Visitor: 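Have a look at the structure that comes next, please.
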Amino acid sequence: MKYVDEYRDRAAAQRYARAIARLTTKPWALMEVCGGQTHSIVKYGIDELLPKQITLLHGPGCPVCVTPLELIDKATQIAAQPNVVFCSFGDMLRVPGSSCDLFSIKAKGGNVRIVYSPTDALQIARENPDKQVVFFAVGFETTAPANAMAVYQAHEQRVDNFSVLVSHVLVPPAIEAILSAPDNRTQAFLAAGHVCTVMGYEEYIPLAQKYHVPIVVTGFEPLDILQGIFMCVRQLENRRAEVENQYLRSVRRTGNLPAQQLVKQVFRVVPRKWRGVGEIPQSGLGLRDEYAVYDAEARFGVAAYSAEEDSECISGAVLRGVKKPQECPAFGTRCTPEHPLGATMVSNEGACAAYYRYRRFEQRVAGATRGN
Amino acid sequence: MCLAVPGKILNISGEDLVRSGTVTFGGINKQVSLAYVPEANVGDYVIVHVGFAISVVDEKEAMQTFEYLKQMGELGELEQSS
């Protein structure tokens, strides 16, 4: 067992799809929170295996997509400064800011580097003591332990030329924002398996009770997602609203305690702006005062900068599950992965990019049919 | 972004926050931090995200997706025959 291919078995997937169809008697709208799950669903055509009554809404779970415009601008402002090495996960480089993206800073000679891990950025800082090395610390709870470790080690080893531009967001406040919105359509959630691997799922229990929604912690392979959908629909049909765990091979009820401990030591909970959504209270992480010296916003004097978002892009409605990508007039025409208007088209895990990559031809056909 | 991949631990060195090991992902080996999985041993599968193992794969629980299907199949047959 390698824990990958086994969960892509076609016959097993079809059995799950038949079981879901047998169970479903009413229309239900489910939201998968995580962009990795959105990618799997569209790539493997999981939504097309489901009965017509079941709608999958694509949630806000892509940190690249929800990083606010002004933070991208801050990143490009810092990366354009001389003597700076700006390190980032690769998918942040094409996210459009107000006037440019990180790739165009790199093209103009800026020292922008793609790294696999925040500790790689820390290593670059150790090797280049005469340069300022900045890491773009974006992510959900899954990535927070890695970023916390980089900051902690920089502090312990006095790597003073290292800093982080933090844009960390948290899933439960986003779920609450979706559920409390007047135009909410979501009746059940597939919670993000790797976020819960780190954090556990106890904080979802009050949400399930308060809003009476089933929440099923779900993995990322096709069979994981189908089983998660089955568990959601079974709860909906039986009028239950509980937190269940499909991704048992990785997720424990209380999560990863050593990881949570270091995250708490380095970060504190702060309000955060979400691209396309606006500010959500207590929805992100910022550095604690003891580690504030590693805050790139303060170090490079960009903390006070703010920017307004483009009004044509409907990514906010897409992120909340209110609209589907192809409902946007710019989809696939003025907005493509090469020239994205908004972040849901940039990231591989963004709903718009996933539809563009796997669905744009059939959407055009559907659009043409509707037009006739 | 929250992509995490299962791999098998080949060796372990260091302790506490600098504990790390070589993890193989279908033949590709990488050095991975094991600081957050103190319970992990050589031969275990771990879920790895941006260079950090965030959990040890539970072999028994890994089978439940298939067990569940088996149970459902049997239940479905029972329902059909009744």
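No experiment lies behind these values; they were computed from the predicted model shown. The basis for the numbers below is simple: all heavy atoms, side chains too, and nothing from hydrogens, waters or symmetry mates. Within every chain, numbering begins at 1; the chains are lettered A, B, ... in the order of the sequence lines, protein sequences first and strands thereafter.
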Visitor: How close do A:S117 and B:V50 get, heavy atom to heavy atom, and via which atoms?
Guide: OG-O, 2.9 Å

Visitor: Chain B heavy atoms under 4.5 Å from A:Q153: which part of the residue, side chain, backbone, both or neither?
Guide: side chain

Visitor: Counting only heavy atoms not in B:E59, do more than 12 sit closer than 6.0 Å to its CD atom?
Guide: no

Visitor: To check you understand the geometry: which heavy-atom pair defines the closest contact between B:A35 and A:M149, and what is its length?
Guide: CB-CE, 3.5 Å

Visitor: Report, one line per pair, each donor and acceptor closer than 3.5 Å where one atom sits in a side chain of residues 40-48 of chain B; sequence neighbours left out.
Guide:
residue: B:D44; atom: OD2; partner: B:N41; partner atom: N; Å: 2.8

Visitor: So which part of A:L262 gets closer than 4.5 Å to some heavy atom of chain B, the side chain, the backbone, both or neither?
Guide: side chain

Visitor: CD of A:Q261: more than 12 outside heavy atoms within 6.0 angstrom?
Guide: no

Visitor: Which one of B:V57, B:V56, B:V37, B:T65 has the most heavy-atom pairs closer than 4.5 Å to chain A?
Guide: B:T65

Visitor: Using a cut-off of under 4.5 Å on heavy-atom pairs, state which of A:G36, A:A146, A:G35 scores highest against chain B.
Guide: A:A146

Visitor: Between B:D58 and A:L248, is the side chain to side chain contact (heavy atoms under 4.5 Å, CB included) condition met? List the steps.
Guide: CA-CA 8 Å; B:D58 185 320; A:L248 285 160; over 6 Å; no

Visitor: Is chain B contacted by the side chain of A:V115, its backbone, both, or neither, given a heavy-atom distance below 4.5 Å?
Guide: neither

Visitor: Which of the residues A:Q227, A:E156, A:E349 is involved in the greatest number of heavy-atom pairs with chain B at under 4.5 angstrom?
Guide: A:Q227

Visitor: Return the option, out of A:V4, A:T143, A:L223, A:T119, with the maximum number of heavy-atom pairs under 4.5 Å with chain B.
Guide: A:T143

Visitor: Using the six-membered ring wherever Trp is involved, compare the ring planes of A:F230 and B:Y68 and label them parallel, tilted or perpendicular (cut-offs 30° and 60°).
Guide: perpendicular

Visitor: In Å, rounded to the nearest 0.5 Å, how long is the span from OG1 of A:T197 to CD1 of B:I54?
Guide: 5.0 Å

Visitor: Identify whether NZ of Lys or CZ of Arg in A:K2 sits under 6.0 Å from the centre of the six-membered ring of B:F25 and within 45° of that ring's axis.
Guide: no

Visitor: Side chain, backbone, both or neither: which part of A:Y3 has an atom under 4.5 Å from a heavy atom of chain B?
Guide: both

Visitor: Quick check on A:R18 against chain B: is it the side chain, the backbone, both or neither that has a heavy atom closer than 4.5 Å?
Guide: neither

Visitor: Could you state the interatomic distance from OH (A:Y247) to CD (B:E61), rounded to the nearest 0.5 Å?
Guide: 13.0 Å

Visitor: Which atoms of A:A19 come close to chain B, meaning under 4.5 Å heavy atom to heavy atom: side chain ones, backbone ones, both, or neither?
Guide: side chain

Visitor: Assess the residue pair B:S55 and A:S250 against the criterion (side-chain hydrogen bond (donor to acceptor under 3.5 Å, both in side chains)); give the C-alpha distance rounded to whole Å, side-chain angles, the decisive distance to 0.1 Å, and a yes or no.
Guide: CA-CA 6 Å; B:S55 70; A:S250 179; 2.8 Å; yes

Visitor: Side chain, backbone, both or neither: which part of A:E6 has a heavy atom under 4.5 Å from chain B?
Guide: both

